[in-house]
There are 2 protein chains.
Amino acid sequence: MPGQPRNSRTSEESRNSRIQRQVMQLIIDRRLQAGALLPTEAELMDGLGVSRNSVREALKALQALDIVEIRHGYGTYVGQASLTPLIDGLTFRTLARHGHDDSGALAEILQVREVLEEGLIRRVAATVTEGELDRLEVVVSRMEVAGRAGRPFPDLDREFHELLYASLGNDLVPQLLAAFWTVFRRVNGARGRSEDPSPSLTARWHRDIVTALRARDVEGAQRAMTVHFHGIARRAAG
Amino acid sequence: MPGQPRNSRTSEESRNSRIQRQVMQLIIDRRLQAGALLPTEAELMDGLGVSRNSVREALKALQALDIVEIRHGYGTYVGQASLTPLIDGLTFRTLARHGHDDSGALAEILQVREVLEEGLIRRVAATVTEGELDRLEVVVSRMEVAGRAGRPFPDLDREFHELLYASLGNDLVPQLLAAFWTVFRRVNGARGRSEDPSPSLTARWHRDIVTALRARDVEGAQRAMTVHFHGIARRAAG
DNA sequence: ACATATTTGTTCGTATGTATC
DNA sequence: CGATACATACGAACAAATATG
């Protein structure tokens, strides 16, 4: 039976996480932006007074968080700090926790997406420009073409929702939604569920959203979004 | 000038990420739950046909994602797959991208929280039980005590919002909100901003939320939540 | 096209710290 | 207390990828 970790001396941080912290601090202190070149492993060894293996283990951990990006034979760069770790974590968590037959975890993700998008669509209705609506309509038209042919259109779906929230000027929003979207799709795919049983119906949901936005009908837009999500949920539950 | 990575042979996965994937697959395939003991490094070496260092680097990466948990001298366990990586990533991203003086990144996080909680509170109003309301009221009372003494109460605040969404039965929701909350607090703290300039006001916002919920006043609850967030935003902008 | 320097990737050996029995 | 099993850490060497001349 494992007890709590010993930790004899007080506030002793593990070597590895200390190095991770130091590298992050180095990036912040030197104002390094994404894509900037980091010190080499050898320089970090000297600067931090640890072995190469320790440096490498810390860098691997930071790479998993997309805080650094390592290129074989060239160097280590400051990473994008994207939400990739969230995608990986949520995907794993969903597959590992509920085995291979439960859909409860997917429903949780879907509920978060639904709440977010229902709230966001109201704000979008106030800020979206005619130009953005035109671009959205182009995407919807392509959805309808695919839908009539019975072809699913995951990329168009993703593009639609990304375009939709561009006018908010909040970079976190589209990344977060894209993360949830990706997890949903990955887990659904890993369970062998069909991609989109009725593309034409999905296309119409999106058409309804644009129509309501064009009319600056806040309530209607939110209602259309709700319908959209209830449609997804019904499929996922089956 | 660095170009794009070579990647001569198509679909070549790096060794390290392959090992990571294999370990995750092992957990899923064996139906290992959080806290379960994983094979030792030596066993993984044999099983995957790679050296100890490669195994260790992969495990460190998985540890950063909270997919495994490594205990010195004892063994490696399946992790909680919490949202810790999201917290770390968002904190770093906020501090690194906007330097030390901008509050735009904090505003983005706050907007996501606001949209989420405004949407969630409406659902809570329909599902929350009297017992849960009682517990919420206890927390609020303690807030008011602290508020009258001028003491900030970050832990009570966190507990309130966690309790609030418990009735939804969606485990992801409180974890996600807690993650945003932690990032906000950490970044705000790293910038030397005062914790909560007027605790008594904060306490009243929470009181108003409970009062509206008790009356099953959906609109009022959402309005109270909006007021709460606008208050936070006003402070963060200063 | 070739050689070379630089940088990361991988492996091995060894020693040390930590928990269990 | 010792014995055992395990993770942690360091150092050295070679392999592979990349850039430069």
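Reminder, nothing fancy here: chain letters follow the sequence lines and each chain counts from 1. Keep in mind that what you see is a predicted model, and the values were worked out from it rather than measured.
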Would you kindly check whether a donor in the side chain of B:Asn53 faces an acceptor in the base of C:dG9, or vice versa, at under 3.5 angstrom?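 Checked by distance alone, the answer is no.
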Under-3.5 Å N/O pairs linking protein and nucleotides 7-9 of chain D:
unit_1 : atom_1 : unit_2  : atom_2 : d
D:dA7  : OP2    : B:Glu41 : N      : 3.3
D:dA7  : O4'    : B:Gly73 : N      : 3.2
D:dT8  : OP2    : B:Arg56 : NH1    : 3.1
D:dT8  : O4'    : B:His72 : NE2    : 3.3
D:dA9  : O3'    : A:Arg15 : NH2    : 3.3

Set out, in order, the CA-CA distance, both residues' side-chain angles and the distance that settles side-chain contact (heavy atoms from CB on, under 4.5 Å) for B:Trp181 and B:Asp157, then state yes or no. CA-CA 10 Å; B:Trp181 188 87; B:Asp157 197 329; 4.1 Å; yes
Just jot down the side chain to side chain donor-acceptor pair (under 3.5 Å) partners of [X], sequence neighbours excluded, or say none.
X: B:Gln80; value: none
X: B:Glu162; value: none
X: B:Asp134; value: B:Arg214
X: A:Asp196; value: A:Thr202, A:Arg235

Does C:dA1 have a Watson-Crick or wobble partner in any strand here, with both distances under 3.5 angstrom, and which is it?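 Partner of C:dA1: none.
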Separation of atom [atom1] in [X] from atom [atom2] in [N], rounded to whole Å:
X: B:Leu44; N: D:dC6; atom1: CG; atom2: P; result: 12 Å
X: A:Tyr77; N: D:dA17; atom1: OH; atom2: C1'; result: 12 Å
X: B:Met45; N: C:dT10; atom1: CE; atom2: C1'; result: 12 Å

Within-4.5 Å side-chain heavy-atom neighbours: B:Arg151 and B:Pro199: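 Counting from C-beta outward, B:Arg151 and B:Pro199 never come under 4.5 Å.
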Are any of the side-chain nitrogens in A:Asp88 or A:Arg186 under 4.0 Å away from the carboxylate oxygens of its partner?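 So A:Asp88 pairs with A:Arg186 through a salt bridge.
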Answer yes when A:Glu137 and A:Arg135 have at least one side-chain N-carboxylate O distance shorter than 4.0 Å, and no when they do not.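 Salt bridge absent between A:Glu137 and A:Arg135.
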Please write out the pairs of protein N or O atoms and N or O atoms of nucleotides 1-3 of chain D separated by less than 3.5 Å, giving the distance to one decimal.
none

